[in-house]
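A short worksheet on the structure shown next.
Just so you know, ligand 1 is whichever comes first in the structure, and atom 1 is the first atom listed for that ligand.
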Amino acid sequence: MTTIAIIGAGMAGAACAAALTGQGQQVVVFDKGRRPGGRMSSKRTEQGYLDLGAQYFTARNDAFAAQCQRWLEVGVITQWQGRLARAEAGSVTASPDKTLRYIGVPSMQAPVAAMLDGLTLHTGCQVDSLAFDGKHWQLFSAGVSLGQFNCLVLAIPQQQAEQLLQTAITLGPELNSLFAVPALLPCWAVNLQLDHSPWPYDGIFAKTGSPLSWLARQGSKPGRCQGEHWLLHFSAAFSQQYLEADNSVIAAHALQLVQQLAGQPLSAAVTHCHRWRYAQQNPAYPLHAMIYRPELALGLAGDWVNGGRVENAWLSGVQLAQALSL
Ligand code: FAD
Ligand code: NAI
């Protein structure tokens, strides 16, 4: 039996861990966060959860649709039937569609946590260096060894995977080519508490030209902050331009843009600002599904490899598990 270390307990790492366990492999999962979930992240507040990262997910692939069905049956996800709209040229208009959209319940982390249930998971554990002796990987956190493993899976964002690998090996041309173009671009997230809703909608897709990309009424989802909490995501271009800005600057932009879109002054308080450094797919990045290098006993999985969505992160993790079992 191979002992496999998986760094990253987001959707990709958890899917890989669950699939490998199902094949009879022994896995140990490490994550620096307090809870698994990664960018499927709902922040707990006194008024309920706030979805700061992924807002919902869709299933186009049959295997992922079947997985969603199982999650529905055990109650860790539910359908989100938000009333949708699009914002374009300064106006917001209804844009209903028939797409099935899912959310985790009571928080976005729930399906990830469900896949890791019963597995060996070390949270609050940042892996900061690695060693490779040609056969085995050793993991370290703050100079302390976390053990030796026959195989390593990195299910963390591209830029973090590159930094970690460089602590142990010289990246040859093939690995270097994976890191040549940034796969993930940033996203600023802001939550606004309004005194009333300016729109009769739950989710608004902001179309081209706006510094915003998405607005969602949290109270339209079970377990989330009730009342008029609106979660905003900024576009990749804006988020890149203001990457190092203070929260106060981002908050001011959020207030101004929402009032502009609503066409009226609003009584609003900014309750949270969160910068995601590695958030959304760079459309210029070439996709690979997953990466497996048998001679290095190394696999890489994640949405960055397979195309910036929850479904693609799951597929990447499952496909890597299949490659590792051959
Ligand atoms: P991650 O979720 O990033 O997981 C990586 C994990 O690795 C993290 O838990 C992290 O803590 C851990 N980690 C990193 N480095 C280390 C280390 N050195 N040691 C230990 N642990 C480490 N997708 C959708 O389908 N629909 C959406 O509506 C949507 N909206 C989004 C909005 C935002 C703002 C963001 C940021 C993402 C959104 N996404 C959405 C994308 C979706 O969240 C991701 O595709 C998916 O969650 C990625 O999963 P992953 O496992 O590849 O990576
Ligand atoms: P989806 O199929 O609901 O949406 C895909 C895209 O189609 C949307 O981004 C939107 O532009 C358009 N769209 C869908 N329904 C629409 C409607 N009713 N009216 C107008 N436009 C509509 O979801 P999918 O493909 O599963 O993608 C997940 C979502 O996650 C996308 O919205 C994507 O932009 C978002 N995302 C955001 C990230 C961030 O960092 N902000 C990171 C990764 C994904």
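For ligand 2 and Ala279, the ligand atoms under 4.0 Å from any heavy atom of the residue are 40 (O), 42 (C). Atom numbering of ligand 2 starts at 1 in the shown order; those under 4.0 Å from a heavy atom of Gly308 are 43 (C), 44 (C). Less than 4.0 angstrom separates some heavy atom of Arg309 from each of these atoms of ligand 1: 23 (N), 25 (O), 45 (O). Shown in contact with Thr58 at under 4.0 Å from a heavy atom are these atoms of ligand 2, numbered in order with element: 23 (O), 24 (P), 26 (O). Those atoms of ligand 2 with a heavy atom of His233 less than 4.0 angstrom away are 41 (N).
Within the set Phe57, Phe205, Trp188, Tyr102, the minimum heavy-atom distance to atom 9 (O) of ligand 2 is found for Phe205.
Using a 4.0 angstrom heavy-atom cutoff, Arg39 does not count as in contact with ligand 2.
Geometric assessment of Lys32 against the ring of Phe30 yields a negative cation-pi assignment under the 6.0 Å and 45° thresholds.
Polar contact check, Arg101 against ligand 2: a nitrogen or oxygen pair lies under 3.5 Å apart. Polar contact with ligand 2: absent for Ser213 (N/O pair, distance under 3.5 Å). Taking distance alone, with nitrogen or oxygen atoms compared against 3.5 Å, Arg309 approaches ligand 2 more closely than that limit.
Protein heavy atom at the shortest distance from atom 21 (N) of ligand 2 is Lys207 NZ, 3.0 Å.
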